[in-house]
Structure formats: structure tokens, C-alpha cells
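Take a look at the structure below.
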Protein chains: 2
Amino acid sequence: MKTPAQAPKGETLSKARLRVWLKLLKSVNGIETEIRRNLRDRHGTTLPRFDVMSALARFPDGLKMSDLSTYLKVSNGNVTGIVDKLTEEGLALRVAVPEDRRAQMARLTAKGRAAFEELAQHHEDWINTLLDGLTARDVEALSAHLDIILDRHMDEDGRDAQ
Amino acid sequence: MKTPAQAPKGETLSKARLRVWLKLLKSVNGIETEIRRNLRDRHGTTLPRFDVMSALARFPDGLKMSDLSTYLKVSNGNVTGIVDKLTEEGLALRVAVPEDRRAQMARLTAKGRAAFEELAQHHEDWINTLLDGLTARDVEALSAHLDIILDRHMDEDGRDAQ
DNA sequence: TCAAATTGTTTTAAGCTTGAAATTTTAGGG
DNA sequence: CCCTAAAATTTCAAGCTTAAAACAATTTGA
């Protein structure tokens, strides 16, 4: 009969939720720090750039700047700057939208797609290693618990419900 | 026999881990965004300030600046700026360390302690609401899965092992 | 038709974060 | 005692992020 060390017996549910939140934060921050370091040291890039490339890779025809910022849940101004940099590096480009002269589609270039394929494979490998303690069964159980959180307070758009 | 919608049958373990990582990230980012908004709109403060106050509240005698940055896993320069701001607001102060003139202890003032008590209670309430879908049993199960991740790649200092 | 509202994007100002350089002080040989 | 290395902290430059303002183009409705 083994009880987690930091789980006091009479702990209220509220305190228990606070504890698991701190653990969630620590896990995600730890993994994210490692991913950022790998992207910087092994590929000379950053997580925001990877995120944008990842989004654009999912939409080969490109994404309007505003759709990109909605999809990534960051500000419009933010994606403007990131796409600017990717464009300077020849990894992305903007194409005009014929029927709406305000809008632009951001797309990956061939070079950008190739660079992303490489990054994506390594990224998956890094995550696979960082989560190598989790079995398939663990992954499903963890996923189910996260769904409870997501379904309750984050709707499809990722915004907090109500 | 119900299968999670996004879990393809023949999915490799590596892909499954990648999926759960993205879900972890989405959950934490969603909660963190809500906490930041609450701190800003309802208390006129920020998450980094709350984190520093929370650390100092745990150590009534104060913490050396370097211990504070180690504890919070942020850079030295970062805590310098945050403690500067808290000090300007009368919530924290720096006291000299007699035996080492290089070092300083950061401490909460009485005002800082009072402000933190208020913040901490609200913070716990917010988390309790955001995680209200999780039962005590869910919390323990989730906690156990996070321990697997933390034990495997984040040691006590929070740095990635090996 | 045309003024007002809305939409798409960029610019800007401010704050956060980091890593590296600079500063000050302490500790350890020789 | 001195000189070098190490440690504690701050300063600095660069990049990321956001919210708000500015700008441009489109849509709406009177």
C-alpha cells in the first residue's frame, strides 16, 4: 500500500487539484525547455518558428495570417513578426488573396517544407524520449484525464468556456 | 467499447506520445492564460510576480537572490527585475547577508505577505474551478502519470537528467 | 451611393525572459 | 600577502509576446 509522498491524507480536493496543477506546470515547462534547447542548439531555430511551420505544413495551400494566429492562439502581431522572419530565411512566403486585397496567405516554400520535415521527425523523437516512461496504456489514461480538463473549460477554439 | 476519437488504431507509441504532449501543452496553456488574465484583471499583477511572492512566502526568513532564481528555474537577471518591482511596490525588500557582502536576501514585507495571502486563496479557487471536472481519484491518477514523466527526465533540481 | 461598421493586417509600446558581459566580493593556493 | 579563480548579483542586448492604435479594404444598410 503505497501512497504518493506529497498527498496528505486529509487533503481537501481543492488542495489536491492545486498540487496536480503545479505538477502539470512543472512537467510541461521541463519538456518545453528541453525542446527549445534542442531547437536552438541542434537546428538554430525557435519554438514559435517551429509552431508556425507546423501549422503551415498542415495546410499546403497556405493560411490567412488571421487564421494562423487563431489556430496558434497567439496575437496577430506576433505571427506577423514570425512570418516575416521565416520569409527572410526563404522558408515561407506570402501570397495575395485575389478576392480580398486586405488578406494574405502565408505558405511554406519548398525549402520550408523540407526543413520542417526534418524538424518534425526530430521533434517527435525528442518527445518520444522525454515521454518514454509512458506506456500505450498510460498515454490513453493521461489523455482521457486531459480531455476532462479541456472539455470542461477549453472549447474547440481553445478559448475558455463561459 | 469506446475508443478516443483521435486515437487511430494502428498508431505507433511514438505518435501517441506526441499527441498526448500536444494535449498536455494545450491544457497547461489554456489554464495559464486564464490565471494570467485573472491576476491582471482582478488583482493588477502578473504571474511572474505571483510566483516570486509564492516562493518568498514559503521562506519567511527570505531567500538569496540566486536561490530564488534556482527555485523558480528562471535566470538571475529575471528575478532581479521582478524583485525590483515588488520592492518599488512595497511588497518585498532586500536585506544584506552579514557574512557575505555579495549576497542579499529577498523577503516579503508585511504588506507583501498580506497581499500574497489574498492572491493565494483566489489562485487556489481559480484552479479548483478550472479542474472541477477531476475527482479525487482522477487527481491521483493524473498525478501518478506526471510523476512518471518527472521522475524519468526532471530531477529534483528540475534540470533534465542526462 | 455613401457613410459607418467591420475585417485583415501591420506597427508600436511595454513587459517578460534569456544568455552573456560586467561588477563586486570571497576563497584558495603559492 | 598577492594573485587567480569562483561566486553573487546586476546590467545589457536581443528576441518573444501582447494589447492597442493605425491603416487599408470590404461589407452593410439607409
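Naming: A, B, ... by sequence-line order, numbering from 1 per chain.
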Please tell me which of B:D100 and B:D84 maps to the more 5' nucleotide of DNA chain D, matching each residue to the nucleotide holding its nearest heavy atom. B:D100

Send over the distance from B:L47 CG to C:dC16 P, rounded to a whole Å. 11 Å

A:N29 has an atom CG; how far is it from atom P of C:dT17, in whole Å? 11 Å

Between D:dA8 atom P and B:M105 atom CE, what is the distance in whole Å? 13 Å

Taking only the side-chain heavy atoms of A:T46 (C-beta and beyond), determine which of C:dT18, D:dT9, D:dC16 contains the nearest atom. D:dC16

Without decimals, in angstroms, what is the distance between B:L68 CG and D:dT10 P? 11 Å

Pair B:K85 + B:E88: basic N to acidic O under 4.0 Å: no

Among D:dT18, D:dT9, C:dT17, find the nucleotide with the atom closest to the side chain of B:I82. C:dT17

To the nearest Å, give me how far apart CD (B:Q104) and C1' (C:dT23) are. 13 Å

When you measure from the side chain of A:S66, which nucleotide among D:dT9, C:dT10, C:dG8 comes out closest? C:dG8

Is the shortest side-chain N/O distance from B:K64 to OP1 or OP2 of D:dA8 below 4.0 Å? yes

Pick the nucleotide of DNA chain D nearest each of B:V79 and A:N78; which residue has the one closer to the 5' end? B:V79

As a quick check of understanding, evaluate side chain to side chain donor-acceptor pair (under 3.5 Å) for B:D138 and B:T135, giving each step before the final call. CA-CA 5 Å; B:D138 289 334; B:T135 65; 3.2 Å; yes

Can you figure out which of C:dT11, C:dG8, D:dT9 approaches the side chain of B:A103 most closely? D:dT9

Quickly work out the A:M65 CE to D:dA25 P distance and round it to whole Å. 17 Å

Between CZ of B:R49 and P of C:dT17 the distance, given in whole Å, is 10 Å

Within the 4.0 Å heavy-atom criterion, would you say A:R36 contacts the bases, only the backbone, or no part of the nucleic acid? nothing

Could you state whether A:F50 and A:L93 fall into the same hydrophobic cluster, counting links through intermediate Ile, Leu, Val, Met, Phe, Trp or Tyr residues with side-chain heavy atoms under 4.5 angstrom apart? no

Regarding B:E124 and B:N128, do their side chains bring together a donor and an acceptor under 3.5 Å, going by distance alone? no

D:dT26 base to A:R102 side chain: any donor-acceptor pair below 3.5 Å? no

Considering just the side-chain nitrogens and oxygens of B:S75, establish if one lies under 4.0 Å of OP1 or OP2 belonging to C:dG19. no

Can you see if the side chain of B:K85 gets near the phosphate of C:dG15 - specifically, an N or O under 4.0 Å from OP1 or OP2? no

OP1 or OP2 of C:dT24 less than 4.0 angstrom from a side-chain nitrogen or oxygen of B:R101, does that happen here? no

Check the distance between C:dC16's P and B:N76's CG and give it to me in whole angstrom. 18 Å

Which heavy atom of A:R19 sits nearest a heavy atom of B:S143, and at what distance? NH1-OG, 4.4 Å

